[in-house]
Enquirer: 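This is the structure I have questions about; it appears just below.
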Amino acid sequence: MTDPMTAREAIALVTDDFTELPFSEGLLEGDGPIGWPGYSAAHGRAADRSGETESVICGTGTIGGVPVVLLSFEFRFLGGSIGERTGARAVAAHRLARARRLPVVVLPATGGSRMHEGMLALLQLQVIARESALTRAAGLPQIAVLRDPTTGGGWATLGAGSDVALALPGAQVGFAGSRVRPADADPGAYTAEAQLAHGHIDAVVPPGELRAVLGRWLTLLTRPAVGPVPPPYALGTRTGSTSPAESGREAVARARHPDRPRAPAYLDAHFTDRAEISGDRCGGTDPGMLCGFGQGPDGRTVAYAAQCGTATRPAGFRTATRLVRLADRLGIPVLTLVDTPGAANDPQAERDGAGPAIAALFEAVATARVPLTSLLVGEGGSGGALALAAPDNTWATPDSYFSVIAPELAAAILKRAPEEADTTADLLRLRPQDLLALGAVRGIVDGPARA
């Protein structure tokens with residue numbers, strides 16, 4: 001173990017204001033529900049060793065000025081395992097969160113279900129999953145901070161089931177605990193860092209930074225902006241012109257210009273603070289799709305999904321889908337920045353499910369109850385770009401184009417010579433002013449207002 005913290009030390013790491021919920025279950029009698037020989041004695045020794053009466057401590061506190069409900073696990077108590085009493089405490093904590101409209105922060109350090117209670121312990125995973133789902137359905141965020149170790153059902157419910165999953169460096173994180181893995185298993189695959197690399201958690205946070213990071217997340221997820229997001233202003237171009245292009249060829253060239261402002265510049269200009277989610281929770285990440293939550297000058301939160309000018313991979317579409325659905329549940333309006341030559345079309349992208357990933361994003365955007373705003377900041381390449389575009393509320397910058405297909409590919413499909421791509425670009429009517437005339441965008445945004 002790399003995390004020697006007790007449950008109370010973990011709580012103290014994130015808040016100085018904690019009020020514990022009272023529980024009085026009494027002494028365990030009769031060796032538990034399945035009569036496991038010596039269970040009562042082991043339970044008593046665990047209490048003496050840890051100073052706790054069960055494997056989880058629940059209560060309320062304040063993190064970053066946001067009141068929360070906290071659940072912190074004590075690994076010294078039978079490996080932080082989940083039994084009937086653990087489940088009952090988690091139920092009480094979630095019900096309190098819903099009653100008071102408070103977010104939930106979970107600090108797990110657990111090996112999973114308690115074998116001393118057999119199937120009744122395993123069934124607690126369903127109980128916890130249901131309570132967590134009810135809390136999320138109530139529009140309340142849930143954040144997990146994974147300690148060492150977080151394995152088995154604890155990872156599969158408390159950790160992976162959270163809206164945002166953070167982890168301490170070096171923590172064991174995985175469904176398989178250290179004693180049940182294949183003998184030749186690479187231990188590096190069961191770490192927080194590996195889970196981050198494969199898109200299953202959002203960040204690895206050093207202990208000294210955890211309180212501030214948690215405070216930022218809680219602030220962002222609990223203070224939504226109201227109404228549709230105004231489209232950001234155009235950041236301008238280094239190509240020498242701030243007006244829309246005169247030809248299709250020029251529009252494509254300007255959108256592809258290497259010095260054109262990209263999504264990170266727009267996010268930096270639009271938000272005073274932001275935090276990113278990472279990964280699609282299906283084993284993949286796409287650095288070309290930035291997703292997260294940002295704070296505007298008014299202190300209110302907007303969710304964002306931004307393409308960075310690269311071909312978007314299936315993991316990028318799935319991450320954007322995750323973002324839109326989370327924002328929708330929390331009532332946070334969404335801003336998307338469209339900029340991609342199209343969806344990745346290599347064999348690996350097909351194996352990773354490009355079609356289903358794009359379909360899921362189309363559905364998430366189409367069914368979102370919160371307002372969505374989109375700004376086309378560069379290339380709008382076919383369905384890979386349209387999937388991120390808000391119906392009836394997409395805007396364009398002067399340095400952009402949107403097309404049913406790239407001009408070069410259109411020429412190839414029509415069996416035209418490559419040099420006819422420029423003429424084809426004009427025929428496609430892909431310039432910003434063409435898009436406005438066609439009703440494909442609501443307007444062309446200007447640069448920043450001059451003093």
Enquirer: Please report the shortest heavy-atom distance between Thr222 and Leu218, naming the atom on each side.
Expert: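 Where Thr222 meets Leu218 most closely, the heavy atoms are OG1-O, 2.6 Å.
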
Enquirer: Donor-acceptor pair, Ser55 side chain versus Gly79 backbone, under 3.5 Å?
Expert: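 No: the side chain of Ser55 does not pair with the backbone of Gly79.
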
Enquirer: Can you check whether Val377's main-chain N or O pairs, donor with acceptor, with Arg260's side chain at less than 3.5 Å?
Expert: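 The answer is yes, because a donor-acceptor pair under 3.5 Å joins these two groups.
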
Enquirer: For Arg256, is the CZ atom crowded, meaning more than 12 foreign heavy atoms sit under 6.0 Å from it?
Expert: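 Buried by this count: over 12 neighbours within 6.0 Å.
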
Enquirer: Counting C-beta onward and ignoring hydrogens, is there a side-chain heavy-atom pair between Arg281 and Asp202 closer than 4.5 Å?
Expert: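 Contact flag for Arg281/Asp202 side chains = yes.
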
Enquirer: Is the closest basic N to carboxylate O distance between Asp268 and Arg274 below 4.0 Å?
Expert: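 A salt bridge links Asp268 with Arg274.
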
Enquirer: I'd like to know if the side chain of Arg136 reaches the main chain of Gly161, judged simply by a donor and an acceptor atom lying under 3.5 Å from each other, with no hydrogens or angles considered.
Expert: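 Checked: pair present.
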
Enquirer: Looking at every non-hydrogen atom in both residues, tell me the closest pair between Thr157 and Ala129 and how far apart they are.
Expert: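 Result for this residue pair: CG2-CB, 4.5 Å.
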
Enquirer: Between Ser132 and Gln142, do the side chains contain a donor N or O and an acceptor N or O under 3.5 Å apart?
Expert: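 The answer is yes; a qualifying pair exists.
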
Enquirer: Knowing that exactly one of Leu326, Leu323, Val334, Thr336 qualifies, which makes a side-chain contact (heavy atoms from CB on, under 4.5 Å) with Cys291?
Expert: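 Of Leu326, Leu323, Val334, Thr336, side-chain contact (heavy atoms from CB on, under 4.5 Å) with Cys291 is met by Leu323 alone.
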
Enquirer: Going through the distances and angles, do Phe23 and Thr53 end up as a side-chain contact (heavy atoms from CB on, under 4.5 Å)?
Expert: CA-CA 9 Å; Phe23 296 100; Thr53 56; 5.8 Å; no

Enquirer: Ignoring hydrogens and geometry, is there a side-chain-to-backbone donor-acceptor pair from Asp148 to Gln172 under 3.5 Å?
Expert: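 Yes: the side chain of Asp148 pairs with the backbone of Gln172.
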
Enquirer: At their closest point, which heavy atom of Ile57 faces which heavy atom of Ala7, and how far apart are they?
Expert: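 Answer, listing the atom of Ile57 first, then Ala7: CD1-CB, 3.6 Å.
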
Enquirer: Provide the closest heavy-atom pair for Arg262 versus Asp339 in the form atom of the first, atom of the second, distance.
Expert: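 So the two residues come closest at NH1-OD2, 3.6 Å.
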
Enquirer: For Val145 versus Pro108, what's the shortest heavy-atom pair and its separation?
Expert: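 The pair with the smallest heavy-atom distance is O-CD, 3.1 Å.
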
Enquirer: Apply the test salt bridge (charged side-chain N to carboxylate O under 4.0 Å, His left out) to residues Glu117 and Arg85: give CA-CA distance (whole Å), side-chain angles for both, the deciding distance (0.1 Å), then the verdict.
Expert: CA-CA 11 Å; Glu117 297 183 16; Arg85 292 182 175 184; over 6 Å; no

Enquirer: Using modelled atom types and a 3.5 Å cut-off, is there a donor and acceptor pairing between side-chain atoms of Thr321 and backbone atoms of Leu361?
Expert: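 Answer holds: yes.
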
Enquirer: Tell me if a side-chain donor or acceptor on Gln307 pairs with a main-chain N or O of Gly288 at a distance below 3.5 Å.
Expert: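 Checked: no pair found.
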
Enquirer: Using a 6.0 Å cut-off, check whether atom CZ of Phe18 has over 12 heavy atoms from anything other than its own residue.
Expert: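 Above 12, so yes.
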
Enquirer: I'd like to know whether Val104 forms a side-chain contact (heavy atoms from CB on, under 4.5 Å) with Leu140, so could you lay out the CA-CA distance, the side-chain angles of the two residues, the decisive distance to 0.1 Å, and finally the verdict.
Expert: CA-CA 8 Å; Val104 175; Leu140 301 169; over 6 Å; no

Enquirer: With a 6.0 Å cut-off (strictly less than), is the heavy-atom count around CD of Gln348, excluding the residue itself, greater than 12?
Expert: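 Buried by this count: over 12 neighbours within 6.0 Å.
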
Enquirer: Crowded around Gln126 CD? As in, over 12 foreign heavy atoms under 6.0 Å?
Expert: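 Open.
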
Enquirer: Can Glu54 and Arg114 be counted as an ion pair, charged N to O under 4.0 angstrom?
Expert: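 Yes, charged N to carboxylate O under 4.0 Å.
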
Enquirer: Between Asp273 and Gln295, is there a donor-acceptor pair closer than 3.5 Å when you use the side chain of the first and the backbone of the second?
Expert: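 Looks like no, no N/O pair under 3.5 Å.
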
Enquirer: Could you tell me whether Arg76 and Glu52 have a side-chain N and a carboxylate O separated by less than 4.0 Å?
Expert: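 Between Glu52 and Arg76 there is no salt bridge, as every charged N stays at least 4.0 Å from the carboxylate O atoms.
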
Enquirer: Tell me whether Asp399 contacts the main-chain N or O of Ala255 through its side chain, where contact means a donor paired with an acceptor under 3.5 Å.
Expert: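 Pair absent, no side-chain N/O of Asp399 close to backbone of Ala255.
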
Enquirer: Do Asn393 and Thr373 get their side chains close enough for a donor-acceptor pair, meaning under 3.5 Å?
Expert: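 Yes.
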
Enquirer: What residues form a salt bridge (Lys or Arg N to Asp or Glu O under 4.0 Å) with Arg211, not counting sequence neighbours?
Expert: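 Scan of Arg211 (salt bridge (Lys or Arg N to Asp or Glu O under 4.0 Å), adjacent residues dropped) gives Asp16.
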
Enquirer: Does CG belonging to Asp48 count more than 12 external heavy atoms closer than 6.0 Å?
Expert: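 Counting neighbours around CG of Asp48, more than 12 heavy atoms of other residues, nucleotides or ligands fall under 6.0 Å, so yes.
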
Enquirer: On a heavy-atom basis, which atom in Val229 and which in Pro333 lie closest, and how many Å separate them?
Expert: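 So the two residues come closest at CG2-CB, 3.9 Å.
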
Enquirer: Mark yes or no for whether Arg147, through its side chain, and Met5, through its backbone, hold a donor-acceptor pair below 3.5 Å.
Expert: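 Confirmed, Arg147 side chain pairs with Met5 backbone.
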
Enquirer: I'd like to know if Asp163 pairs up with Arg325 as an ion pair, taking the criterion as any Lys NZ or Arg NE/NH1/NH2 lying under 4.0 Å from an Asp or Glu carboxylate oxygen.
Expert: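 Answer for the salt bridge query: no.
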
Enquirer: Below 4.5 Å, heavy atoms only, C-beta onward: do Val56 and Phe77 meet side chain to side chain?
Expert: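 Answer no - side chains too far apart.
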
Enquirer: Is the backbone of Glu131 close enough, under 3.5 Å, to the side chain of Arg95 for a donor and an acceptor to pair up by distance?
Expert: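 Not confirmed, Arg95 side chain does not pair with Glu131 backbone.
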
Enquirer: What verdict does the side-chain contact (heavy atoms from CB on, under 4.5 Å) test give for Arg216 and Phe293, after you've listed the backbone C-alpha separation in whole Å, the side-chain angles of each residue and the deciding distance to 0.1 Å?
Expert: CA-CA 10 Å; Arg216 177 181 298 115; Phe293 296 84; over 6 Å; no

Enquirer: Between Glu74 and Arg49, is the closest basic N to carboxylate O distance under 4.0 Å?
Expert: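 The answer is no: the pair does not qualify as a salt bridge.
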
Enquirer: State which residues pass ring-ring contact (aromatic ring centres under 6.0 Å, His included) with Tyr304; sequence neighbours excluded, sorted by chain then number.
Expert: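 By the ring-ring contact (aromatic ring centres under 6.0 Å, His included) rule, Tyr304 matches Phe271.
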
Enquirer: Going by the rule ring-ring contact (aromatic ring centres under 6.0 Å, His included), which residues pair with Tyr39 if we only count those two or more places apart in sequence or in a different chain?
Expert: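 For Tyr39, the residues satisfying ring-ring contact (aromatic ring centres under 6.0 Å, His included) (neighbours in sequence not counted) are His43, His116.
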
Enquirer: Measure the spacing between CD of Gln195 and CD1 of Ile201 and express it to the nearest 0.5 Å.
Expert: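 Going from CD on Gln195 over to CD1 on Ile201, the span is 6.5 Å.
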
Enquirer: Can you list the steps and then say if Thr15 with Val68 is a side-chain contact (heavy atoms from CB on, under 4.5 Å)?
Expert: CA-CA 10 Å; Thr15 182; Val68 301; over 6 Å; no

